[in-house]
Amino acid sequence: MIPTPDLSHLTRHDLEQVYDPAEDTFLLLDALEQEAEALRKERPLICLEVGSGSGCVSAFLGKVLGQSSSLYLCTDINKHATNCTLATGKQNKIPLDPVTCSLARPLLSRLRHAVDVLLFNPPYVPTDTDEASSAQGSAGIAGSWAGGADGMEITNRLLQDVECLLSPRGRFYLVALKQNNVPNIRSRMLEDFGLTSQIVIERRAGREYLIIIRFARTTPS
Ligand SMILES: C[S@@+](CC[C@H](N)C(=O)[O-])C[C@H]1O[C@@H](n2cnc3c(N)ncnc32)[C@H](O)[C@@H]1O
């Protein structure tokens with residue numbers, strides 16, 4: 001079993017401003033652990049986590065891949081989150097490179113068809129559009145969950161860029177709620193971008209039913 005990254009350096013003050021890893025985070029870790037062998041075999045060079053929050057998921061990915069020369073890029077709209085991501089990388093000896101920005105927009109042209117592992121645990125909670133817009137605008141803790149209509153407004157923006165980011169062997173892992181309409185997400189990604197998908201793992205956690213979907217150009221082994 002791969003240990004959960006050490007987050008003991010994060011203070012209560014940090015976790016008032018940055019998403020505290022929760023069931024959704026841990027389900028994504030479980031999915032990455034389940035896929036560990038296949039991920040190592042691919043020898044990913046560029047990994048990108050959008051919305052890295054504490055940095056827990058990217059630090060875990062670094063542990064999954066072990067000693068490698070991978071680049072671990074992370075983005076978050078929340079400046080406190082990118083600070084925490086940097087600190088979590090140091091604490092766990094994984095060289096995380098965080099950038100404060102929205103989604104992957106400023107990196108898009110540089111990372112065209114270059115990302116081998118793309119991760120996103122998005123703000124997926126259905127809210128009204130105004131709440132999601134204001135959370136995005138203030139770039140604080142509410143941006144961790146406020147997802148707008150169907151919880152999909154922020155995720156949909158990244159979905160438009162996934163095909164452009166993924167390398168030929170790239171894999172994209174997305175956290176979704178059942179209410180986000182997973183069959184619809186999967187069929188849109190296939191019809192619009194030719195990306196196939198699999199459910200890696202799913203679990204009920206309290207009121208939420210959480211699903212991790214993996215997208216790729218062809219069905220990975
Ligand atoms: C559910 S939290 C997940 C945090 C962390 N990846 C985890 O799994 O614990 C969603 C994260 O996405 C970030 N986020 C929200 N909107 C974003 C955007 N437009 N661009 C980049 N990050 C965003 C939030 O600040 C938050 O850190």
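For ligands, and for the atoms within them, numbers begin at 1 and follow the listed sequence.
- Residue pairs meeting the ring pair (Phe, Tyr, Trp, His ring centres under 6.0 Å) criterion with at least one member in residues 127-180, sequence neighbours excluded, are Phe172-Phe215.
- Screening residues 128-153 for salt bridge (charged side-chain N to carboxylate O under 4.0 Å, His left out), with sequence neighbours left out, gives no hits.
- For Asp116 and Arg171, the salt-bridge test fails: no basic side-chain N is under 4.0 Å from an acidic carboxylate O.
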* Asked: Where do Thr100 and Ile77 land on the side chain to side chain contact (heavy atoms under 4.5 Å, CB included) test, with the steps shown first?
  -> CA-CA 5 Å; Thr100 306; Ile77 199 169; over 6 Å; no
For residues 204-211, dump all side-chain donor-acceptor pairs below 3.5 Å to protein atoms at least two apart in sequence or in another chain.
{"unit_1": "Arg204", "atom_1": "NH1", "unit_2": "Gly206", "atom_2": "O", "d": "3.4"}
{"unit_1": "Glu208", "atom_1": "OE1", "unit_2": "Tyr124", "atom_2": "OH", "d": "2.9"}
{"unit_1": "Tyr209", "atom_1": "OH", "unit_2": "Glu202", "atom_2": "OE1", "d": "2.9"}

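- For Thr85 and Ser52, the side-chain atoms include at least one donor-acceptor pair closer than 3.5 Å.
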Nitrogen or oxygen contacts under 3.5 Å, ligand 1 side and protein side:
{"unit_1": "ligand 1", "atom_1": "6 (N)", "unit_2": "Glu49", "atom_2": "OE2", "d": "2.9"}
{"unit_1": "ligand 1", "atom_1": "6 (N)", "unit_2": "Gly51", "atom_2": "O", "d": "2.8"}
{"unit_1": "ligand 1", "atom_1": "8 (O)", "unit_2": "Thr25", "atom_2": "OG1", "d": "3.4"}
{"unit_1": "ligand 1", "atom_1": "8 (O)", "unit_2": "Asn121", "atom_2": "ND2", "d": "2.9"}
{"unit_1": "ligand 1", "atom_1": "9 (O)", "unit_2": "Thr25", "atom_2": "OG1", "d": "2.8"}
{"unit_1": "ligand 1", "atom_1": "16 (N)", "unit_2": "Gln136", "atom_2": "NE2", "d": "2.8"}
{"unit_1": "ligand 1", "atom_1": "19 (N)", "unit_2": "Ser102", "atom_2": "OG", "d": "3.0"}
{"unit_1": "ligand 1", "atom_1": "19 (N)", "unit_2": "Gln136", "atom_2": "OE1", "d": "2.8"}
{"unit_1": "ligand 1", "atom_1": "20 (N)", "unit_2": "Leu103", "atom_2": "N", "d": "2.7"}
{"unit_1": "ligand 1", "atom_1": "22 (N)", "unit_2": "Ile77", "atom_2": "N", "d": "3.3"}
{"unit_1": "ligand 1", "atom_1": "25 (O)", "unit_2": "Asp76", "atom_2": "OD1", "d": "2.6"}
{"unit_1": "ligand 1", "atom_1": "27 (O)", "unit_2": "Asp76", "atom_2": "OD2", "d": "2.6"}

